[in-house]
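Encoded as structure tokens, the structure appears first; notes follow it.
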Amino acid sequence: MHANLEAFVAVLKDIPPKDVVSAFAWGHSWVRGEPFRVHRLVASNKIQSLKGNHDEAAGLDLPLGIFNPIAGKAMQWTRNALKREERDWLLNLPYQLSLPEHRMTLYHANGFEPEGWEYIHGKDDASLALTMRDQRTPLVFIGHTHFPAAYGMGPNGKPLDIFRSSFRLLDDTRYVINVGSIGQPRDGNPQACYVVYDTATKTIDFIRLDYPVAQAQEKLSRPSSPKCWPTDF
Ligand SMILES: [Fe+2]
């Protein structure tokens, strides 16, 4: 969610808490924006978190020279904004979460090498084929690209782009669902994006929400902000 407080609050208000059995964040909770307030909301709502590549970079002491100049500047700002114990907390987040009772696994980037951060960009992506071949559960959720997407692999073994705003899972098909991004969507739609999976009806719903974008942008223009939004590291 890239520490985007306005987008995160909009999503939390949209989800009826009594209906939520488990809630998950796919990483990138800490970089830029308002990391402390976003983290407090993650903790108080008992949202389980995965480690993203930005979170790992903020936690490690890698030299800034390995980033491009804009990304390095944002990373320096983030490291300075965090205490050592908060950076350690980030480093100790898991690369994956498994829920065998629901036959699903969650990764930040992909399922075949979660700590390598390789992207899945479409149905012909080799990373998608590898993830689908190696995935131990029929259902996998990912993030990382900030593009909502849904791929399926039926009995014929061919990956298919099956993205729709709402659909029901089939028993004989494996799935990789990209949940998009709450705080920094990159699909041309500025609305926050999150996914609801109903384990009883086996339906996937992609939800898009308006949030006060201008308010979030204004905070980024303040002197204390890193004044940059690198697309990635
Ligand atoms: Fe990422």
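Both counts, for ligands and for their atoms, begin at 1 and track the order of listing.
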| request: Output all residues satisfying ring pair (Phe, Tyr, Trp, His ring centres under 6.0 Å) with F163, sequence neighbours left out; order by chain, then residue number. | output: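 Per chain and number, F163 pairs via ring pair (Phe, Tyr, Trp, His ring centres under 6.0 Å) with F206.
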| said: Which atom name does H144 have for its N/O/S atom nearest to the Fe ion (ligand 1)? | reply: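 In H144, the heteroatom (N, O or S) nearest the Fe ion (ligand 1) is ND1.
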| query | Is the Lys NZ or Arg CZ of K51 less than 6.0 Å from the centre of Y95's six-membered ring, within 45° of the axis? | reply |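 Cation-pi check for K51 and Y95: passes.
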| said: So, 2.8 Å as the limit: is an N/O/S atom of H146 located closer than that to the Fe ion (ligand 1)? | reply: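 Checking the Fe ion (ligand 1) against H146, no N, O or S atom falls under 2.8 Å.
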| message | With rounding to 10 degrees, what does the angle N53:OD1 / the Fe ion (ligand 1) / H108:NE2 come to? | response |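 It is 90°, given to the nearest 10°.
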| request: Over 60° means perpendicular and under 30° means parallel, so classify the ring planes of W117 and H108, tilted if in between. | output: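 H108 and W117: perpendicular rings.
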| task | Consider only side-chain N and O atoms of N178 and Y151, and report whether a donor and an acceptor are under 3.5 Å apart. | result |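 Judged by distance alone, the side chains do not pair up.
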